[in-house]
Amino acid sequence: MAKTFADQLASRLNDALSKTDFAGELPEGFNAQIDQAQNRQFGDYQSNAAMILAKQLRKNPREVAAAIIEQFDGGTLSEKPEIAGPGFINFRITQESLESVLQSLLNDPDQLGLEKAAEPKTIVADFSAPNVAKPMHVGHIRSTIIGDCLTRVAKFAGHTVISDNHIGDWGTQFGMILWGWKNLLDETALETDPIPELLRIYRDVNAKTKDDEALKEVCKAELVKLQGGDEENLKIWERCIELSKIGLQKIYDRLDVKFDYWLGESFYNDQLAPIVDELLAAGIAEESDGAICVFFPEVEKLADKPTIIRKSDGGFLYATTDLATIDYRINELKADAIWYVVGAPQQLHFDQIFLVSEKRGQKAELEFIPFGSILGKDRKMLRTRSGDTVQLADVLDEAVVRARVIIDEKNPDLPEEEKAEIAEIIGIGSVKYAELSQYRMTDYIFDWDTMLALKGNTAPYLLNAYVRTRAIFRKLGKDFEPGGNLTLTADAEKDLILKLAQFAEVVPSVLNDFRPNTLAAYLYEVATTYHKFWEACPVLKEEGDIRQTRLAICELTGQVLRCGLGLLGIRTTEKM
RNA sequence: GCACCCAUAGUAAAACGGAUAUUACGUCGGUUUCCGGAACCGAAAGUCCAGGUUCGAUUCCUGGUGGGUGUACCA
């Protein structure tokens, strides 16, 4: 598959630069960049190289641009570039190139022009990571959906990605749950629906301990017994994990999220003491006030922010577990990179953990991929403990119900089974799209109508564009068949093909800064451009090459939308 | 106290130094002899404040203001 338009233009632009009079005066390693034009009136692509160079060369930027253009050989790729404004160089892709890219993308249905990574990495993606014995609430949606999307994109780009659900199965909450299980458990409730019952226990005990110091101690003792290997407590614990996993799996199935591993905190229990010993022996950790800490005197901001890896009572903390987890991922899973899709409040913790890893000489690329908080109406973070949060399962149910209402209205004659399936796709897709289409650091206040919107820049808009591509072929009575002489006759066709060709430019950029919203925005533009094409260019009414060309465009649009939505984790439907 | 994140039309968001700041919801007004109108076309409305760097700043830097979060034995 050929390079993208941007790559080809950049290479030709740099060739041109090397032929100019001032080629010898360019800064060391200067590489001119090509960007997609922000405003189509200026062309398809643009470069600001002339303006950047003008200063160093002490020349007028427009003169620099003119000198570059003088040497620029667009070949069959682009028209003669134009100078505009303060010194932008604007490029327009030729019709010939657009026709040929349409053909070559149709010949490449698996990758749609995207080249696999030259140096594939093994990446462990750590996301979702709910605590067991509690249902997932809306707050878990961001990690789960963003992590899943990044996993899909990285795989598509050719990397090996191992998804690992690092569940919280060994926290202090088990002290309360154990006591609650023994004293407050309603067996029948547990039989019918275990997770809510476990949550009820947890909340009840949590409330009781608020003003009962003695009970707090009793719970602590239960936890110590568990950690000491007490048989009865271990049994209860195992049962809790088992029940919780079943409940969690239901949600993941609906979300179409898959994990290669579920290596929770408890998996690393045996590794904690050895790590502390190792760090002490290496002089990385030291004792302070009875606790074992790692200090970071070399980092000014962390001068008074040590991380504690063993408490003065001998217990370990989540920092210890995270260090053991890094070991396992590097040594056993052979990770070149580890991605943590975790809430922004944990920034400091991961800064510290990563520094410790560095001190230990570990080389893996550790990426903290934070996201903003979902807030309650009071503008404070949602907390499970307080008990007033919205459960994720309820959000998904409501999303599907709302989608169903519209399907009944728009398409009442579909069979019941199909309606249910489509409602699921649209409902879940809408929730995912709402999350992925905004910048991950943005905090937002949870709101049913925003999260479950079905109008505007939402999943149904994109799905409808896909459905339209399929409707054409349904009407035609057969699938797309290659052939004919592809010729473009309308601007709407050219706009759309350019957009489709940019799929291979956009997808890799998602991983530059871990921003699924760039892909979501791109797909929205594809859908908009297709809807405009639809208005301007009848397909089945035409004949010969024009009809064949437009069928090809519909086919390719469908493929890009299906593939792109797939990367977001959103399934497509033929009818809606 | 210190640190991190955020601040964009009435509302919710986008723009990882570029041209006239881009969308959606809502408001107002149009489009259907035509392949799915869950569509298309049009209008009004905006970058927290004060400096700085730059040919060019929503974007980078400094200082404010406002909100969120974290900060030695929870995860």
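Sequence lines set the chain letters: A, B, ... in the order given, protein chains first and strands last, and positions in each chain run from 1. Computed from a predicted model, the values in this text were never measured in an experiment.
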Using Watson-Crick or G-U wobble geometry with both distances under 3.5 Å, which nucleotide pairs with B:rA19? none
Can you tell me the distance, in whole Å, between the OH atom of A:Tyr439 and the C1' atom of B:rA7? 14 Å
At under 4.0 Å between heavy atoms, what does A:Ile407 touch on the DNA or RNA strands: base, sugar-phosphate, or nothing? base
Assigned partner base of B:rA44, Watson-Crick or wobble definition, under 3.5 Å: none
Mind checking A:Pro61 for me? I need base, sugar-phosphate or nothing, with any heavy atom below 4.0 Å counting as a touch. nothing
What is the distance from CG of A:Asp479 to P of B:rC35, rounded to the nearest Å? 21 Å
Short side-chain donor-acceptor distance under 3.5 Å, A:Arg562 and A:Tyr466: yes
A:Phe42 over B:rA19, stacked by centroid distance under 5.5 Å, angle under 30°: yes
Using the C1' atom on both, measure B:rC35 against B:rA24 and round to a whole Å. 27 Å
Side-chain donor-acceptor contact under 3.5 Å, A:Tyr318 with A:Gln346: no
Quick one: look up who B:rG63 pairs with, Watson-Crick or G-U, both distances under 3.5 Å, and put none if it's unpaired. B:rC49
What's A:Ala291 touching, base or sugar-phosphate or nothing? Going by heavy atoms closer than 4.0 Å. base
Any chance the rings of A:Tyr340 and A:His166 have centres within less than 6.0 Å? no
Rounded distance in Å - NE2 (A:His349) to C1' (B:rU69): 15 Å
Flag for A:Asp322-A:Tyr268: side-chain donor and acceptor within less than 3.5 Å: no
Mind checking A:Tyr318 for me? I need base, sugar-phosphate or nothing, with any heavy atom below 4.0 Å counting as a touch. base
What is the distance from atom CZ of A:Phe354 to atom NE2 of A:His349, rounded to the nearest 0.5 Å? 8.5 Å
Same-atom distance (C1') from B:rC49 to B:rG10, integer angstrom: 22 Å
Just to be sure I understand the rule, does A:Glu300 reach a base, reach only the sugar-phosphate, or reach nothing, if contact means heavy atoms closer than 4.0 Å? nothing
Could you tell me whether A:Asp443 contacts a base, only the sugar-phosphate backbone, or nothing, with contacts defined as non-hydrogen atoms closer than 4.0 Å? sugar-phosphate
Among B:rA15, B:rC35, B:rC55, which nucleotide has an atom closest to any side-chain atom of A:Met51? B:rC55
Just the rounded figure in Å: distance from P of B:rC6 to CD1 of A:Ile445. 17 Å
What's the CZ-P distance between A:Phe368 and B:rU69, to the nearest Å? 15 Å
In 5'-to-3' order, the base (B), backbone-only (S) or no-contact (-) status of each nucleotide in nucleotides 23-32 of chain B, using a 4.0 angstrom heavy-atom cut-off, is SSSS------
With a 3.5 Å cut-off and heavy atoms only, can you find an N or O donor on one side and an acceptor on the other between the side chain of A:Gln46 and the base of B:rA19? yes
Any non-hydrogen side-chain atom of A:Arg379 less than 4.5 Å from a side-chain atom of A:Asp443? no
Measuring only between side-chain heavy atoms, which start at C-beta, is A:Glu435 closer than 4.5 Å to A:Cys149? no
Base, sugar-phosphate alone, or nothing: which one does A:Met381 contact when heavy atoms must sit under 4.0 Å apart? sugar-phosphate
Per atom distances to the A:Pro86 side chain, the nearest of B:rG18, B:rU69, B:rC35 is B:rG18
Suppose you measure atom P in B:rU71 against the same atom in B:rG64; what distance do you get, rounded to whole Å? 24 Å
Checking all strands, does A:Ser373 fall into the base, sugar-phosphate, or nothing category for heavy-atom contacts under 4.0 angstrom? nothing
If you check every side-chain atom of A:Ile308, which of B:rG70, B:rU54, B:rC73 has the closest atom? B:rC73
Classify A:Asp449 by what it touches in the nucleic acid, base, sugar-phosphate, or nothing, heavy-atom distance under 4.0 Å. nothing
Distance-only donor-acceptor test (3.5 Å): side chain A:Ser288, base B:rA72: yes
NA contact type, A:Asp513, heavy-atom cut-off 4.0 Å: base, sugar-phosphate, or nothing? nothing
Say you pick atom P in B:rG63 and the same atom in B:rU59; how far apart are they, in whole Å? 16 Å
Could you tell me whether A:Ala471 contacts a base, only the sugar-phosphate backbone, or nothing, with contacts defined as non-hydrogen atoms closer than 4.0 Å? base
B:rA7 and B:rA13: how far apart are their P atoms, nearest whole angstrom? 10 Å
Does A:Lys301 place a side-chain N or O at less than 4.0 Å from the phosphate oxygens OP1/OP2 of B:rU71? no
Is a donor from one side chain sitting under 3.5 angstrom from an acceptor on the other, for A:Asp169 and A:Ser266? yes
Spell out yes or no: do the side chain of A:Ser312 and the base of B:rC73 have one donor N/O and one acceptor N/O closer than 3.5 Å? yes
Taking pairing as Watson-Crick or G-U wobble with both contacts under 3.5 Å, can you name the mate of B:rA24, or confirm there isn't one? B:rU11
If I pick the C1' atom on B:rU33 and the same atom on B:rC28, what distance separates them, to the nearest angstrom? 29 Å
Which of these nucleotides, B:rG36, B:rA13, B:rA72, is closest to any side-chain atom of A:Asp289? B:rA72
How far does the P atom of B:rU53 sit from the matching atom of B:rG70, given to the nearest Å? 38 Å
Roughly how many Å is it from CZ in A:Arg62 to C1' in B:rA19, rounded to a whole number? 12 Å
Between A:Gln36 (CD) and B:rA15 (C1'), how many Å, whole number? 13 Å
Does the Lys NZ or Arg CZ of A:Lys59 fall within the cation-pi geometry relative to A:Phe22 - under 6.0 Å from the ring centre and within 45° of the axis? no
Using 0.5 Å steps for rounding, measure from the CG atom of A:Leu382 to the NE2 atom of A:His137. 6.5 Å
Using a heavy-atom cut-off of 4.0 Å across all strands, would you classify A:Leu302 as base, sugar-phosphate, or nothing? nothing
Could you give the CD1-to-C1' distance, from A:Ile89 to B:rA19, as a whole number of Å? 14 Å
Ranking B:rA39, B:rA72, B:rA75 by distance to the side chain of A:Leu317, first place goes to B:rA75
Selected nucleotide, minimal atom distance to A:Arg515 side chain, candidates B:rC35, B:rA14, B:rA3: B:rA14
Which nucleotide, B:rC74, B:rA19, B:rA39, lies nearest any side-chain atom of A:Thr172? B:rC74
Closest to side chain of A:Glu265, choosing from B:rU69, B:rC16, B:rA75: B:rA75
Using atom P of each nucleotide, how far apart are B:rA50 and B:rA14 to the nearest Å? 25 Å
Select base, sugar-phosphate, or nothing to describe what A:Ala84 touches, counting heavy atoms under 4.0 Å on all strands. base
Under a 3.5 Å cut-off for both contacts, is B:rU33 paired Watson-Crick or G-U wobble with anything, and if yes, with which nucleotide? none
Counting Watson-Crick and G-U wobble pairs only, both distances under 3.5 Å, name the nucleotide matched with B:rA38, or none. none
For B:rA19 and A:Asn90 - does any side-chain N or O of the residue sit under 4.0 Å from the phosphate oxygens OP1/OP2? no
Side chain of A:Tyr461 only, heavy atoms from C-beta on: which candidate in B:rU71, B:rA39, B:rC16 is closest? B:rA39
When we call it a touch if two heavy atoms are under 4.0 Å apart, what does A:Asn512 touch: a base, just sugar-phosphate, or nothing? base
